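Step one of this worksheet: look at the structure below.
If you're wondering where the values come from, they're calculated on a predicted model, not measured in any experiment. Atoms considered below: every heavy atom in the structure, side chains included; atoms not considered: hydrogens, waters and symmetry mates.
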Amino acid sequence: MIYFRELRGFLAMEKKNIRITVFHRIILLLNILAAILLLAAQICCKISPAKFWPAELIAISYPYLLFLNVIFVIFWLLTKYQCSLISIVIIILGYAQLALLFQFNSKGSESKSENDFSIMSFNVRLFDLYNWTGNLKTRAEIFDHLKKDQPDIICFQEYYNADKGDFQNTIALKSFLEATNAHVEYGKTMRKTDHWGLATFTRFPIVGKGKVLFEEGKSNFGLFTDMKIGDDTLRIYNVHLQSNHFKEKDYQFIESPDSGSNEQILRSSKSILYRLKEGAIKRAQQVDELKIHMNLSPYPIIVCGDFNDPPFSYVYHILSEGLNDSFKSHGKGMGVTYIGKIPFFRIDNVLFDDAFKCNSYAIPDVKLSDHRPVKATFQINKKTSE
């Protein structure tokens, strides 16, 4: 009550201070609007874009709205500290979202015991098949990194394999990886010899496997691979969800939004909005199908992959429900994994259920794709086969 009385008194400042009052009232109204939008962003992650697609745009705006509200907090602390509570309360209410944006954990320790294991998720962008990096050695450098790291389980997205020629990647990987048991599935094949899809490599025996298909096309899907670690059986999901499929001209507009005529700006804005809408709706449908499959798993699960959505989205909210996030367990900083033309997002994840304990998490400083790999180590903390 005291706070509201002070705030009411502030809004009713004396006429002799009318210039200051008008300015502060405008700032206060803008602050209230920003706080309402931040609250909406914290709620919209629970709304499926398939039902109301603008919810996705509001939800993924969370980092920017948070930053704006922090600016308001600083401003009020320097002027009228009582008003800072408007944003502070909303930020505190969204603490769960804040924990997805920043973490201050230690890296943790690499697992060493017999039934402990490491897992890597890596969108390799077709091993730079089309030389997007401008470096003809990119594929070899990816292999060098994997040779050095030797994860026990590796989940590849945007996996490419050729039956002949220089990109016979499955054969090449098996020649140097300790994880030689492979589950490879394709969503697209051309000329009967060139294949695009997903792959999971493991050093543990594979005892079951399958494919999670979505209604929306064949390019995006999921794998599930059941494997034995000692006496325990676990299921690894390797997923690649729908991208927004921005074209080069869309990226050019994002980088220089004020270039071009008003008509070009309007056309480019509509194109980006359309692609965001279509991508959000398709991912929402895909994740709903995937979650049903996950809930029916007879074994404890770990979910790896490229979600193509940040952790403030409906996709992450649904997939992480009932699971733990290795970034939250041992991540540090913002955990950026996407380093393409719209960077600063964590869209690659490793989620796990309570049958496992995360010992470490890392995002290696590897720039050989438009994604960095994500690596986590785990130990089994109860019998998963029971």
Test log, rule side chain to side chain donor-acceptor pair (under 3.5 Å), inputs Ser360 and His330
CA-CA 6 Å; Ser360 70; His330 287 288; over 6 Å; no
Over all heavy atoms of both residues, which pair between [X] and [Y] is shortest? Give the atoms and the distance, please.
X: Val350; Y: Cys304; answer: CG1-SG, 4.0 Å
X: Asn381; Y: Ala355; answer: OD1-O, 2.8 Å
X: Pro364; Y: Arg372; answer: O-CD, 3.4 Å
X: Ile60; Y: Ser313; answer: CG2-CB, 4.3 Å
X: Cys358; Y: Phe352; answer: CB-CZ, 3.6 Å
X: Ala182; Y: Lys209; answer: O-NZ, 4.4 Å

I'd like to know if Asp194 pairs up with Arg191 as an ion pair, taking the criterion as any Lys NZ or Arg NE/NH1/NH2 lying under 4.0 Å from an Asp or Glu carboxylate oxygen.
yes
Salt bridge Lys291-Glu321, side-chain N to carboxylate O under 4.0 Å
no
Test Val70 against Phe67 for side chain to side chain contact (heavy atoms under 4.5 Å, CB included), laying out the working first.
CA-CA 5 Å; Val70 169; Phe67 176 76; 5.5 Å; no
Report yes or no: does [X] contribute a side-chain atom to a donor-acceptor pair with the main-chain N or O of [Y] at less than 3.5 Å?
X: Ser121; Y: Gly305; result: yes
X: Gln103; Y: Leu100; result: no
X: Ser297; Y: Met294; result: no

Taking the six-membered ring of [Y], is NZ or CZ of [X] closer than 6.0 Å to its centre and within 45° of its axis?
X: Lys211; Y: Phe221; value: yes
X: Arg346; Y: Tyr338; value: no
X: Arg139; Y: Phe167; value: yes
X: Lys147; Y: Phe176; value: yes

Which label fits [X] and [Y]: parallel for a plane angle under 30°, tilted from 30 to 60°, or perpendicular past 60°?
X: Phe312; Y: Tyr62; value: tilted
X: His293; Y: Tyr237; value: perpendicular
X: Phe75; Y: Phe23; value: perpendicular
X: Phe204; Y: Phe117; value: perpendicular
X: Phe156; Y: Phe127; value: tilted

Hey, are the side chains of [X] and [Y] touching, using non-hydrogen atoms and a 4.5 Å cut-off?
X: Asp226; Y: Ile206; value: no
X: Leu28; Y: Ile86; value: yes
X: Leu177; Y: Gln150; value: yes
X: Phe122; Y: Cys155; value: no
X: Leu30; Y: Phe72; value: yes
X: Ile229; Y: Ile380; value: yes
X: Thr170; Y: Phe201; value: yes
X: Ile119; Y: Ile236; value: yes

Between [X] and [Y], does any side-chain donor sit less than 3.5 Å from a side-chain acceptor?
X: Ser243; Y: His245; value: yes
X: Asn238; Y: Gln157; value: yes
X: Thr200; Y: His183; value: no
X: Asp370; Y: Trp132; value: no
X: Asn123; Y: Asp306; value: yes
X: Asp348; Y: Thr337; value: yes
X: Tyr316; Y: Asp325; value: yes
X: Asp128; Y: Thr133; value: yes
X: Asn324; Y: Ser329; value: no

Evaluate the side chain to side chain contact (heavy atoms under 4.5 Å, CB included) criterion for residues Arg283 and Gln242: first the C-alpha distance (whole Å), next the side-chain angles of each, then the deciding distance (0.1 Å), finally the verdict.
CA-CA 5 Å; Arg283 283 192 299 275; Gln242 184 76 30; 3.6 Å; yes
Report the C-alpha distance between Lys375 and Asp149 in whole Å, list the side-chain angles of each, state the deciding distance to 0.1 Å, and finish with yes or no for salt bridge (charged side-chain N to carboxylate O under 4.0 Å, His left out).
CA-CA 10 Å; Lys375 184 185 177 184; Asp149 201 293; 2.7 Å; yes
Criterion salt bridge (charged side-chain N to carboxylate O under 4.0 Å, His left out) on Lys277 and Glu56, from CA distance to verdict:
CA-CA 8 Å; Lys277 173 185 175 181; Glu56 170 83 350; over 6 Å; no
With the 4.5 Å side-chain cut-off for hydrophobic clustering, are [X] and [Y] part of the same group?
X: Val336; Y: Val366; value: no
X: Trp76; Y: Ile26; value: yes
X: Ile153; Y: Phe356; value: yes

Counting heavy atoms not belonging to Glu263, are there more than 12 under 6.0 Å from its CD?
no
Can we call the ring centroids of Tyr159 and Tyr186 under 6.0 Å apart?
no
Please test Arg235 against Met227 for side chain to side chain contact (heavy atoms under 4.5 Å, CB included), starting from the C-alpha separation and ending with a verdict.
CA-CA 6 Å; Arg235 173 167 290 183; Met227 55 191 74; over 6 Å; no
Identify which one of Asn295, Ile318, Leu319, Val315 satisfies the side-chain contact (heavy atoms from CB on, under 4.5 Å) criterion when paired with Leu290.
Leu319
Start with the C-alpha distance between Val374 and Tyr361, add both sets of side-chain angles, then the distance that settles side chain to side chain contact (heavy atoms under 4.5 Å, CB included), and finish with yes or no.
CA-CA 8 Å; Val374 175; Tyr361 173 90; 3.4 Å; yes
